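Written below as structure tokens is the structure these notes are about.
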Amino acid sequence: QVQLVESGGGLVQPGGSLRLSCAASGSIFSISIMGWYRQAAGNQREMVAVILNSGTTNYADSVKGRFTISRDNAKNTVYLQMNSLKPEDTAVYYCNAELQSARIGPTTIYWGQGTQVTVSS
């Protein structure tokens, strides 16, 4: 079993900052990709940022220059530093990890439970 536990969401004013964290635990051999997705009310879930175990990153155009994704491979943890937040960043943010539980075995995608980020004055 694998669990992803997110933290760091909350209410922030426009222009403010938040840092999200997501720790993966359980039966983990290797994690190839970790990422953050978000879903605003009435919208589909969308990719925000992803990071490979090599450190290569990819961002949605809407967050480039404002958000930074990073990971600590020793702790199986991914972070999302969000700066210059806008009301349109309001959403539930979900952590995602693509991993293997054994050296030989399938790659499985896991999701966290989500954390609410609200940007409002």
Side-chain angles (χ1 to χ4, degrees):
Q1 280 286 49
V2 174
Q3 282 190 318
L4 301 182
V5 179
E6 298 128 333
S7 60
L11 173 65
V12 64
Q13 292 187 341
S17 298
L18 280 176
R19 188 189 193 214
L20 306 182
S21 299
C22 172
S25 63
S27 181
I28 299 171
F29 175 75
S30 67
I31 304 178
S32 53
I33 304 172
M34 300 190 83
W36 290 95
Y37 291 70
R38 67 186 180 187
Q39 187 167 16
N43 290 357
Q44 290 188 334
R45 191 173 298 188
E46 62 177 3
M47 187 273 288
V48 176
V50 295
I51 182 168
L52 279 60
N53 56 7
S54 64
T56 300
T57 58
N58 188 34
Y59 295 91
D61 288 342
S62 59
V63 306
K64 282 181 181 176
R66 300 187 298 122
F67 291 11
T68 302
I69 189 170
S70 61
R71 65 188 279 179
D72 184 334
N73 291 331
K75 295 181 179 180
N76 291 330
T77 299
V78 63
Y79 307 94
L80 185 67
Q81 178 66 43
M82 304 186 292
N83 298 328
S84 303
L85 282 161
K86 306 175 181 180
E88 51 263 44
D89 293 318
T90 296
V92 178
Y93 284 69
Y94 296 91
C95 172
N96 164 285
E98 184 175 315
L99 63 89
Q100 288 181 280
S101 293
R103 186 175 65 85
I104 298 176
T107 296
T108 306
I109 296 174
Y110 293 88
W111 291 90
Q113 80 285 357
T115 184
Q116 177 70 45
V117 171
T118 302
V119 184
S120 175
S121 55

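Throughout, residue positions are numbered sequentially from 1 according to the sequence presented. The basis for the numbers below is simple: all heavy atoms, side chains too, and nothing from hydrogens, waters or symmetry mates. Only a predicted model underlies this, so the values are computations on that prediction, with no experimental measurement involved.
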Would you say the side chain of [Y] lies within less than 4.5 Å of the side chain of [X], judging by non-hydrogen atoms?
| X | Y | result |
| --- | --- | --- |
| I31 | N53 | no |
| D89 | R66 | yes |
| S7 | T115 | no |
| R38 | V63 | yes |

Approximate separation, where rounding is to 0.5 Å, of [X] [atom1] and [Y] [atom2]:
| X | Y | atom1 | atom2 | result |
| --- | --- | --- | --- | --- |
| W36 | M47 | CH2 | CE | 14.5 Å |
| I28 | T108 | CD1 | OG1 | 11.5 Å |
| S101 | Y110 | OG | OH | 4.5 Å |
| M34 | T57 | CE | OG1 | 14.5 Å |

In terms of hydrophobic clusters joined by side-chain contacts under 4.5 Å, are [X] and [Y] together?
| X | Y | answer |
| --- | --- | --- |
| V12 | M82 | yes |
| L20 | Y37 | no |
| I109 | I33 | yes |
| Y94 | I51 | no |
| V78 | F67 | yes |

Given S25 and N76, is the side chain to side chain contact (heavy atoms under 4.5 Å, CB included) satisfied, shown in steps? CA-CA 7 Å; S25 63; N76 291 330; over 6 Å; no

Quick one: do the T56 and S54 side chains pair a donor with an acceptor below 3.5 Å?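 Judged by distance alone, the side chains do pair up.
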
Minimum heavy-atom distance between [X] and [Y], given as atom pair plus value:
| X | Y | value |
| --- | --- | --- |
| T90 | Q116 | CG2-NE2, 4.0 Å |
| L80 | A49 | CD1-CB, 4.3 Å |
| R71 | N73 | NE-OD1, 2.6 Å |
| C95 | L4 | O-CD1, 3.9 Å |
| Y79 | S21 | CD2-OG, 3.3 Å |
| S27 | V2 | O-CG2, 3.4 Å |

Between S17 and N83, is the side chain to side chain donor-acceptor pair (under 3.5 Å) condition met? List the steps. CA-CA 4 Å; S17 298; N83 298 328; 2.9 Å; yes

Can you tell me if CD on E88 sees more than 12 non-hydrogen neighbours from other groups inside 6.0 Å?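 Atom CD in E88 is packed in, count exceeds 12.
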
Would you say that more than 12 heavy atoms from the other residues, nucleotides or ligands in this model lie under 6.0 Å from the CD of E46, or not?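 Atom CD in E46 is packed in, count exceeds 12.
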
Indicate yes or no for a side-chain donor-acceptor contact from [X] to the backbone of [Y] under 3.5 Å, with no hydrogens or angles considered.
| X | Y | result |
| --- | --- | --- |
| Q100 | I104 | no |
| E6 | G114 | yes |
| Y59 | I69 | yes |

Are any of the side-chain nitrogens in D61 or K64 under 4.0 Å away from the carboxylate oxygens of its partner?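 Counted as a salt bridge, because a side-chain N and a carboxylate O are separated by less than 4.0 Å.
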
